[in-house]
Amino acid sequence: MAGSAYALEELGCRTGTYVAALSERGRAFAVHRNATGFSRVDYGFRGEGVTSFEPSLPHLTNGVPAEEALGFVHHGTGAGDVAFLRFLEDELGICLPFEETEAELPSAAFPHAADG
């Protein structure tokens, strides 16, 4: 999709910390799922972190509620992250075809700040 970029993380969940910076010229989404099925969506707009939420558990939100920020409400059918990805496609026209997830991608390194 022209004007868009995406990142795929296999072992980790660091993209969310960079959503505000990644959204400097527009908007950025990060959708995560761990091995136990817990998922998290982070959303930034014009350089600001707007919200971070668990699609299936709206009480686990940091920032603006998803319904207010994006118009997203999970109705409890199916996995929350899948419902959110469908929302991105249906409401915002954002879609990542499966074939692209298998393609060779350019990469970027996100430095991890040392604690201390």
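We number each residue from 1, following the sequence as shown.
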Check against side chain to side chain contact (heavy atoms under 4.5 Å, CB included), Leu70 and Glu91:
CA-CA 10 Å; Leu70 298 163; Glu91 300 297 321; over 6 Å; no
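Of all the heavy atoms in His74 and Ala83, the pair that sits closest is CD2-CB, 3.2 Å. Residues Val19 and Ala30 share a closest heavy-atom pair of CG2-CB, 3.7 Å. What you find for Ile94 and Arg27 is that their closest heavy atoms are CD1-NH2, 4.2 Å. Of all the heavy atoms in Arg25 and Arg46, the pair that sits closest is O-NH1, 4.5 Å. The two atoms that bring Glu54 and Arg40 nearest to each other are N-NH1, 3.5 Å, heavy atoms only. Taking all atoms of both residues into account, the shortest heavy-atom contact from Ala20 to Gly49 is CB-N, 3.6 Å.
For the atom pair Phe29 CZ and Ser23 OG, the distance stands at 10.0 Å (nearest 0.5 Å).
The shortest distance between side-chain heavy atoms of Phe72 and Tyr43 does not fall below 4.5 Å. For the pair Val31/Phe84, a side-chain contact is recorded, criterion being any heavy-atom separation below 4.5 Å from C-beta on.
Under the side-chain hydrogen bond (donor to acceptor under 3.5 Å, both in side chains) criterion, no residue pair touches residues 55-73, with sequence neighbours excluded.
At a threshold of 4.5 Å between side-chain heavy atoms, the hydrophobic network of Ile, Leu, Val, Met, Phe, Trp and Tyr places Leu92 and Val50 in one connected group.
Take Phe45 and apply the ring pair (Phe, Tyr, Trp, His ring centres under 6.0 Å) test, not counting sequence neighbours, and it matches no residue.
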